[in-house]
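In what follows, a single structure is set out as structure tokens and then discussed.
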Amino acid sequence: MDPIVIESTPKTPAVNFNASTGVLEIKGRSIPENSIEFYRHLIEWIEKYGMSPQPKTVVNIQLEYFNTSSSKCILDVFKRLEAIANNGHDVVINWHYEEDDEDMLEAGEDYQSIIKVPFKMIEVES
Amino acid sequence: MLKFEQHRTLQVDDWINDNYKGKVVYYYKGSISAEVVSKCIDTLETYLKENSTLITKPKTAVSVAIEIIQNIFHHGMQYYGVEKFGAVKIIHLPKGLQMEFLNVLTKDKAILLNERIQQINVLSKDELKKLHLLILSNNEYSNKGGGLGLVDVAKKLNSKLIAEFYPFEKNNYIYLLKIFLT
């Protein structure tokens with residue numbers, strides 16, 4: 001399976017998911033006007049990856065800003081990862097947030113309460 | 001049904017030209033395109049970086065501005081021939097940052113929005129957090145946000161939303177949302 005690599009733009013995050021390592025990285029801003037269109041490709045890719053995932057899938061997510069339409073799409077990404085975990089594979093989500101960014105920490109905690117996958121809250125320097 | 005308190009009239013040009021004796025950070029009146037959204041956000045973000053002591057949570061200000069101006073982008077109506085009409089005014093005041101967003105709504109939407117704002121404004125911080133979580137975890141959504149936007153804004157601001165509705169032509173209203181950050 002070819003990796004999915006998307007360069008960041010001022011409104012969309014960089015995405016890198018290599019099926020051979022099982023590491024998904026999402027970094028930057030997620031404030032597109034059309035979030036569904038941006039995340040559709042990634043969600044489809046994760047669904048295919050979920051058919052034959054690595055024993056452990058690690059998600060590193062670090063967002064500076066995200067709009068509410070992205071928040072729903074990110075939840076959809078996490079639900080696909082939760083399905084992989086439900087099939088007996090290890091999945092961990094590392095939620096990075098800048099120090100003093102309470103909004104982003106709270107957003108991570110919201111996802112943690114919805115998605116039954118281990119979350120690690122990781123504070124990073126701003 | 002909650003009471004729909006409407007104001008008398010608003011002269012949009014007078015409103016946008018009133019800087020409240022502060023320094024104008026950004027103002028715009030016209031069609032809200034993706035480029036206008038970018039320009040507003042870039043200008044606000046740059047200004048807050050250059051004036052890092054102006055408000056305590058600059059990222060919250062930018063997040064809130066993104067949410068509201070993109071909401072106008074998605075829902076903005078025509079006003080005097082301008083499609084997706086909206087207006088934004090951001091003023092640096094001595095004690096903080098005033099951000100105001102204006103757009104046009106049908107009467108039905110204005111009444112519903114007013115009710116929603118009144119319902120949001122009576123919620124405690126914990127209740128807002130629970131409501132936000134409930135809407136987020138609801139499966140139905142669209143690019144337009146699915147009703148999460150205003151709750152998200154109220155939760156981040158930790159203050160009541162101040163909205164004004166002005167009748168405009170037959171069955172339309174001008175909606176003005178005012179936010180003050182310190």
Side-chain angles (χ1 to χ4, degrees), chain A residues 8-13 28-41 43 62-80 82-83 95-117 119 123-126, chain B residues 32-42 44-45 49 52 56-76 84 125-126 128-158:
Chain A
S8 67
T9 73
K11 288 189 179 178
T12 56
R29 298 172 173 216
S30 185
I31 55 169
E33 278 75 27
N34 189 338
S35 301
I36 292 174
E37 183 60 31
F38 178 78
Y39 283 96
R40 179 179 290 135
H41 186 43
I43 288 166
Q62 184 175 348
L63 294 171
E64 193 182 359
Y65 294 106
F66 62 95
N67 56 12
T68 52
S69 64
S70 290
S71 68
K72 290 279 194 179
C73 295
I74 293 164
L75 180 63
D76 222 6
V77 167
F78 289 163
K79 283 182 175 174
R80 300 307 192 278
E82 185 180 43
W95 182 270
H96 298 76
Y97 64 97
E98 290 183 358
E99 56 186 351
D100 301 330
D101 191 349
E102 291 170 23
D103 293 341
M104 199 56 73
L105 171 61
E106 205 167 274
E109 289 170 345
D110 283 349
Y111 287 123
Q112 188 176 25
S113 71
I114 298 169
I115 300 296
K116 304 307 171 199
V117 164
F119 269 71
E123 186 179 293
V124 295
E125 281 185 28
S126 53
Chain B
I32 302 292
S33 63
E35 291 71 28
V36 170
V37 173
S38 298
K39 178 69 179 169
C40 172
I41 300 309
D42 289 349
L44 175 60
E45 202 176 2
K49 277 181 184 164
S52 57
T56 54
K57 290 185 174 180
K59 284 193 75 176
T60 297
V62 175
S63 283
V64 164
I66 290 169
E67 204 56 47
I68 298 171
I69 194 170
Q70 284 191 331
N71 189 58
I72 301 174
F73 171 83
H74 287 299
H75 299 282
K84 284 183 183 282
K125 191 177 180 182
D126 280 351
L128 268 176
K129 189 172 163 56
K130 283 177 186 167
L131 178 61
H132 184 270
L133 201 57
L134 183 71
I135 300 171
L136 177 63
S137 56
N138 186 313
N139 282 330
E140 290 181 21
Y141 67 97
S142 71
N143 276 320
K144 296 179 179 180
L148 193 56
L150 265 183
V151 178
D152 188 71
V153 166
K155 185 167 83 83
K156 284 175 176 162
L157 289 175
N158 197 21

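The local environment of NZ in Lys129(B) is crowded, with over 12 non-hydrogen atoms from other residues, nucleotides or ligands closer than 6.0 Å.
The candidate from Tyr111(A), Phe66(A), Tyr65(A) with the greatest count of non-hydrogen atom pairs under 4.5 Å with chain B is Tyr65(A). When the candidates Asp101(A), Asp100(A), Ile115(A) are compared by the number of heavy-atom contacts under 4.5 Å with chain B, Asp101(A) comes out ahead.
For Asp103(A), the part lying near chain B is the side chain, with the backbone staying farther off; criterion is any non-hydrogen pair under 4.5 Å. In this structure, chain B has a heavy atom under 4.5 Å from the side chain of Glu98(A), while its backbone stays farther away. Ser113(A) touches chain B through its side chain: at least one heavy atom from C-beta onward sits under 4.5 Å away, while N, CA, C and O do not. Heavy atoms closer than 4.5 Å to chain B are found in both the backbone and the side chain of Asp110(A).
The shortest heavy-atom contact between Lys155(B) and Glu106(A) is NZ-OE2, 2.9 Å. For Lys11(A) against Ser38(B), the heavy-atom pair with the smallest separation is CE-OG, 2.9 Å. When all heavy atoms are compared, the tightest approach of Leu75(A) to Leu136(B) is CD2-O, 3.2 Å. Smallest separation of non-hydrogen atoms from Ile114(A) and Ser137(B): CD1-CB, 3.8 Å. Ile31(A) and Gln70(B) get closest at one heavy-atom pair: O-NE2, 2.8 Å. Smallest separation of non-hydrogen atoms from Asn138(B) and Lys72(A): O-NZ, 2.9 Å.
Under 4.0 Å is where a charged nitrogen must lie from a carboxylate oxygen, and between Glu102(A) and Lys57(B) at least one such pair does.
Here the CD1-CZ distance, from Ile66(B) to Arg29(A), works out to 6.5 Å after rounding to the nearest 0.5 Å.
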